[in-house]
Peer 1: 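I'd like to ask some things about the structure below.
We count ligands from 1, going down the list as the structure has it; atoms in each ligand are counted the same way.
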Amino acid sequence: MTTAKMLYLGTVLIASFTAQFCTAQAIVIHGGAGVITREGLSPEQEKAYRIKLKQAVDSGYDVLAAGGSSLDAVSASIQIMENSALFNAGKGAVYNYAGQHDLDSSIMDGSTKMAGAVAGVKIVKNPIKLARAVMEKSPHVLLAGSGAEAFAKTQDIELVPNSYFDTKRRLESLQRAKQKLKLSSWNEVDKDLSIDYKMGTVGAVAVDKNGNIAAGTSTGGRTAKRYGRVGDSPLIGAGTWADNSSCGVSATGHGEFFIRYNVAADICARVKYKGLSIQQAADEVIQKELVDVKGSGGVIVLNANGEIAYSFNTEGMYRAQRSEGKPAQIDIFGQAEKITN
Ligand code: ASP
């Protein structure tokens with residue numbers, strides 16, 4: 001055999017080995033989308049977000065690098081953001097109309113298509129942990145309110161008083177929102193509140209060394225929400241989706257649109273059935289379908305090869321990613337088309 005031929009055969013063998021046995025481990029996270037501009041964020045605030053996003057993405061990546069599962073990586077990253085007052089999830093959750101906090105979360109395993117979710121829980125420190133317990137320890141997908149909390153008590157889940165989630169910043173948002181509600185109709189105020197009063201939902205999508213994708217999302221929902229309003233974040237297909245054969249998605253934005261457009265599952269369906277890349281699929285849904293109806297928000301997307309995509313139609317989206325052999329990348333601002341309602 002000639003040297004050239006041997007070299008060629010060697011390359012083919014390495015390429016097929018890499019494709020079959022070496023999945024590139026990767027994780028992508030978000031901390032919400034909205035009117036996030038350089039002018040609107042002080043250098044100190046920007047630094048605080050960058051530090052927390054890096055800590056969250058690194059902790060998820062460390063799980064993957066140690067051979068852990070994508071489910072563990074997603075849970076680790078989300079818990080760090082839930083424990084930070086910077087985000088509208090866990091500790092920094094927005095207030096509902098009654099001055100309390102109701103938390104929503106979901107998680108999905110792309111290898112089995114198993115999923116777990118909780119909606120409207122008030123005393124669970126890390127809702128993503130409870131969502132996972134629903135997936136792994138119950139026969140159900142979605143548990144809500146006091147029933148979900150009763151289930152939490154049967155599991156190894158930390159409970160806290162609702163006041164644990166209080167923050168001055170979110171209380172001021174509630175007061176401003178209630179002021180607006182006095183002056184205008186509910187529908188008008190709702191449009192106005194769609195971006196600025198809920199920013200900071202968190203999410204993560206990861207792929208592990210076995211090529212298994214997991215996705216999760218956690219939020220406090222929208223400021224001044226009432227009548228048991230639930231958004232897209234705990235709804236499998238709307239705010240969270242994972243399927244090894246197409247992609248994993250976590251969404252953030254105006255939940256009512258994400259529910260009606262079934263955003264997370266639709267993006268992966270376009271990958272699966274139209275053969276689009278994850279970037280093309282995400283852009284079709286976020287920059288076209290949603291922009292056409294003025295639905296604001298964004299998504300993080302990842303596939304089993306470890307490719308990562310973002311798409312958002314707001315001014316910014318807190319986001320970070322880390323892949324094998326590359327340093328963590330943290331981004332906040334963007335050039336996206338601005339939606340103002
Ligand atoms: N999607 C969340 C909700 O509507 C909020 C957000 O992501 O900003 O509850």
Side-chain angles (χ1 to χ4, degrees), residues 29-36 49 78 81-82 86-90 92-97 100-107 117-122 127-128 131 142 144 165 169-170 173-174 177 189-205 215-241 249-267 282 285-286 290 293-301 310-319 332 334 336 339-341:
I29 65 171
H30 71 77
V35 187
I36 309 165
Y49 275 104
I78 290 181
M81 293 187 281
E82 285 180 334
L86 291 174
F87 304 99
N88 173 17
V94 298
Y95 287 76
N96 65 16
Y97 193 83
Q100 290 200 314
H101 312 271
D102 306 306
L103 311 176
D104 303 332
S105 183
S106 62
I107 193 161
V118 290
V121 292
K122 292 185 189 303
I128 193 71
L142 173 60
F165 303 107
R169 168 187 172 208
R170 301 293 189 187
S173 291
L174 174 68
V189 174
D190 190 69
K191 276 189 204 151
D192 204 32
L193 295 182
S194 64
I195 291 183
D196 283 333
Y197 288 77
K198 52 147 187 61
M199 205 148 70
T201 290
V202 307
V205 190
T217 310
S218 184
T219 190
R222 303 181 61 175
T223 300
K225 64 186 181 180
R226 46 186 163 167
Y227 308 124
R229 181 266 183 189
V230 173
D232 59 310
S233 308
L235 301 186
I236 298 302
T240 300
W241 184 256
V249 176
S250 171
T252 173
H254 193 161
E256 281 67 14
F257 289 88
F258 282 70
I259 294 172
R260 290 191 283 115
Y261 285 77
N262 199 33
V263 165
D266 188 17
I267 290 171
V285 175
I286 301 297
L290 287 192
V293 292
K294 296 195 182 331
S296 62
V299 288
I300 50 172
V301 192
Y310 307 108
S311 193
F312 52 97
N313 58 32
T314 50
E315 292 200 358
M317 180 164 83
Y318 297 110
R319 56 204 191 277
I332 295 179
I339 291 186
T340 47
N341 69 344

Peer 1: Check whether the ring centres of His30 and Tyr318 lie less than 6.0 Å apart, and answer yes or no.
Peer 2: no
Peer 1: Side chains of Arg229 and Asn96, heavy atoms from C-beta outward: is any pair under 4.5 Å?
Peer 2: no
Peer 1: Hey, is ligand 1 close enough to Arg229 that some N/O pair sits below 3.5 Å?
Peer 2: yes
Peer 1: Using a 4.0 Å heavy-atom threshold (strictly under), name the region of His30 that reaches ligand 1: side chain, backbone, both or neither.
Peer 2: neither
Peer 1: What do you reckon, does Gly255 have a nitrogen or oxygen under 3.5 Å from a nitrogen or oxygen of ligand 1?
Peer 2: yes
Peer 1: The test is side-chain contact (heavy atoms from CB on, under 4.5 Å); show your working for Ile236 and Trp241 and say whether it passes.
Peer 2: CA-CA 6 Å; Ile236 298 302; Trp241 184 256; 4.0 Å; yes
Peer 1: Please name all residues satisfying ring pair (Phe, Tyr, Trp, His ring centres under 6.0 Å) with Tyr310, sequence neighbours left out, ordered by chain then number.
Peer 2: none
Peer 1: Which ligand 1 atoms does Asp232 reach within 4.0 Å, using its non-hydrogen atoms?
Peer 2: 1 (N), 2 (C), 3 (C), 4 (O)
Peer 1: With a 4.0 Å cut-off on heavy atoms, is Ser233 touching ligand 1?
Peer 2: yes
Peer 1: Can an N or O of Gly253 be found at a distance shorter than 3.5 Å from an N or O of ligand 1?
Peer 2: yes
Peer 1: What do you reckon, does Arg222 have a nitrogen or oxygen under 3.5 Å from a nitrogen or oxygen of ligand 1?
Peer 2: no
Peer 1: Below 3.5 Å, N or O to N or O, backbone or side chain included: is there any such pair between Thr252 and ligand 1?
Peer 2: yes
Peer 1: Is there side-chain contact between Lys225 and Tyr97, with at least one heavy-atom pair below 4.5 Å?
Peer 2: no
Peer 1: So, do Val263 and Leu290 sit near enough that their side-chain heavy atoms are less than 4.5 Å apart?
Peer 2: yes
Peer 1: Any side-chain heavy-atom pair from Phe165 and Val94 closer than 4.5 angstrom?
Peer 2: no
Peer 1: Could you tell me, atom by atom, which parts of ligand 1 come under 4.0 Å of a heavy atom of Gly221?
Peer 2: 9 (O)
Peer 1: Looking only at distance, does Glu256 have an N or O less than 3.5 Å from an N or O of ligand 1?
Peer 2: no
